[in-house]
Peer 1: 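Sharing a structure below in structure tokens format, with a few things to ask.
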Amino acid sequence: MTNQPLKHLSDQHILPTYARYPVAFTKGLGCRLWDADGKEYIDFMSGIGVTSIGHAHPAWIQAITTQAHSLAHVSNLFYTEPGAKLAQRLCTISGGMAGVFFSNSGAEANEGLIKTARKYSSDKYGTGRATIITLEGSFHGRTITTLAANGQDKFHHHFHPFTPGFRYVKPGDMQALEAQGDDVCALLIETIQGEGGVMPLDAKYIQAAAKLCKERDWLLLVDEVQTGIGRTGKWFGYQHFDVMPDGISFAKGIAGGLPFGGFIVADKLRETLGPGDHGSTYGGNLICAAAALVVLDILEPLLPQVAANGEYICEKINEMNLPQVAEVRGRGLMLGLKIVGDTPASINVKLLESGLAALTAGTDILRFLPPLIINKKDVDTGLKILHNTLASA
Ligand code: PLP
């Protein structure tokens, strides 16, 4: 089937919850994608930060097929080797955290962190201390609870009643944080707000907030769903700031395209959730865990290159002096271009027509999340398309 009939069939039968571009992708290899009409694209989106090792990586295919041939799923009532090895690896790369829970998505991972924070606080302090502070502009998911956690009004309509117990403060405003009362159990942040518009938090703010959390025994929870697993040039976004969170969530890039996520906690939360307190049928699925182990192996030596490529892309875009681009921001391969005089969505349509697949974020950001394995040649090809498309607009 070609693009048009595929669009027609999907629009007839899939609920209209996404504003889709009129393209159906059918094939990917490395940092290239092909649509159902056979047109080729450079991938600057990685399926929203998911296909971190590009498409159809041979080692990833091998790991998945080998695991599928031996065992795909047994439930969490039993131990498995890929799950055990992956949890050990995640504790190591997080800088010494103590335990992992596996889920299937980012929102679920954040739900787990929220449950952990409330249980820790109620075990230690009793009731009345369940409020979680999140930041204005944040995004943590689309379940009823994570919608409530999102610090953006647009997510707080239609679906009442939302889960109570969330308050929002301005990023960077330490006074607002210090003014919070004794009903608080945790602060949940993204070190770079992704969906909110690729907004990096200030380093001093992150460090001061971490100190305040320690003083008040609020848990510092970092949502690493978008920033984690190498996206910013370190394994996790918080590792740029010399702070140690009490818990972090991860998903997106972890399994290179398979649905997987989870959260990792520090030693003091190791025993907070016991048998029966939390669970997931699919979480820790053997195929996903085997894929994740290979993703981590592939990414480990590439982290410096992710940071360098990010700096290179920013430099090149700044040199282009494009009238539509007021600012380039972000870190590693999580980059946002602030668009003026046009909309990011309409620019994206033009880029797609020219063979570059990119994303938007917030209201005025064109977002680039290329595969982390991308090389200079593919970066340059993508940037040339950006330049030719915008310079001639
Ligand atoms: N947290 C952050 C920072 C995200 O960027 C996202 C998704 O974009 C989520 C949570 C939700 O993840 P999922 O869509 O896998 O539930």
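Keep in mind the model is a prediction, meaning the values are calculated, not measured. Whatever order the structure lists them in is the order used to number ligands and atoms, beginning at 1.
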Peer 1: Quick one: do Lys316 and Glu319 make a salt bridge, cutoff under 4.0 Å?
Peer 2: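 Salt bridge flag = yes for Glu319 with Lys316.
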Peer 1: Within a distance under 4.0 Å of any heavy atom of Asn110, pick out the atoms of ligand 1 and give their elements.
Peer 2: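 In order of number, 1 (N), 10 (C).
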Peer 1: Just to confirm, does any protein heavy atom lie below 4.0 Å from atom 14 (O) of ligand 1?
Peer 2: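 No, there is none.
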Peer 1: For atom 11 (C) of ligand 1, what is the closest protein heavy atom, and at what distance to 0.1 Å?
Peer 2: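 Answer, as residue, atom name and distance: Ala107 N, 3.7 Å.
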Peer 1: Give a yes/no on ligand 1: does Lys252 have at least one heavy atom closer than 4.0 angstrom to it?
Peer 2: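 Lys252: in contact with ligand 1 (<4.0 Å).
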Peer 1: Can Lys39 be said to sit on top of Tyr41's aromatic six-ring, NZ or CZ under 6.0 Å from centre and within 45° of the ring axis?
Peer 2: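 Here Lys39 passes the 6.0 Å and 45° test against Tyr41.
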Peer 1: Quick test: of every protein heavy atom, which one is nearest to atom 12 (O) of ligand 1, and how far off is it to 0.1 Å?
Peer 2: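 The closest one turns out to be Gly106 CA, 3.4 Å.
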Peer 1: Indicate whether any N or O donor in one side chain lies under 3.5 Å from an N or O acceptor in the other, for Asp217 and Tyr120.
Peer 2: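 Asp217 vs Tyr120: donor-acceptor pair found between side chains.
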Peer 1: Taking distance alone, with no angle check, do Glu190 and ligand 1 share an N/O pair under 3.5 Å?
Peer 2: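 Between Glu190 and ligand 1 (N or O atoms, distance only) the closest approach is not under 3.5 Å.
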Peer 1: So, does Glu195 use its side chain to make a donor-acceptor pair with the main chain of Ala361 at under 3.5 Å?
Peer 2: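 Not confirmed, Glu195 side chain does not pair with Ala361 backbone.
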Peer 1: Give the atoms of ligand 1, by number and element, whose distance to some non-hydrogen atom of Ser105 is under 4.0 Å.
Peer 2: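 Listed by number with element: 15 (O), 16 (O).
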Peer 1: If hydrogens are left out, which of Glu224, Gln193, His140, Arg142 has an atom nearest to atom 10 (C) of ligand 1, that is, the closest non-hydrogen atom?
Peer 2: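 The nearest heavy atom belongs to His140.
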Peer 1: Who's closest to atom 6 (C) of ligand 1 heavy-atom-wise, of Phe250, Phe139, Phe260?
Peer 2: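 That would be Phe139.
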Peer 1: Is the closest basic N to carboxylate O distance between Glu111 and Lys115 below 4.0 Å?
Peer 2: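 Here Glu111 does not pair with Lys115 in a salt bridge, since their nearest N and O are not under 4.0 Å apart.
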Peer 1: Salt bridge check, Asp182 against Arg216: does any charged N sit closer than 4.0 Å to a carboxylate O?
Peer 2: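 Here Arg216 does not pair with Asp182 in a salt bridge, since their nearest N and O are not under 4.0 Å apart.
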Peer 1: Report the nearest protein non-hydrogen atom to atom 5 (O) of ligand 1: residue, atom name, distance rounded to 0.1 Å.
Peer 2: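 Checking every protein heavy atom, the shortest distance to atom 5 (O) of ligand 1 gives Gln226 NE2, 2.8 Å.
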Peer 1: Do the charged groups of Asp380 and Lys376 touch, with an N to O distance under 4.0 Å?
Peer 2: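 Between Lys376 and Asp380 there is no salt bridge, as every charged N stays at least 4.0 Å from the carboxylate O atoms.
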Peer 1: Which heavy atom of the protein is the closest neighbour of atom 1 (N) of ligand 1, given with residue, atom name and distance?
Peer 2: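 Protein heavy atom with the smallest distance to atom 1 (N) of ligand 1: Asp223 OD2, 2.7 Å.
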Peer 1: Against heavy atoms of Val225, which atoms of ligand 1 measure under 4.0 Å?
Peer 2: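 The list of qualifying atoms is 1 (N), 2 (C), 4 (C), 6 (C), 9 (C), 10 (C), 12 (O).
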Peer 1: State whether Asp246 and Lys268 are salt-bridged, where the test is any N-O pair (Lys NZ or Arg NE/NH1/NH2 against Asp/Glu carboxylate O) under 4.0 Å.
Peer 2: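 Yes, Asp246 and Lys268 are salt-bridged.
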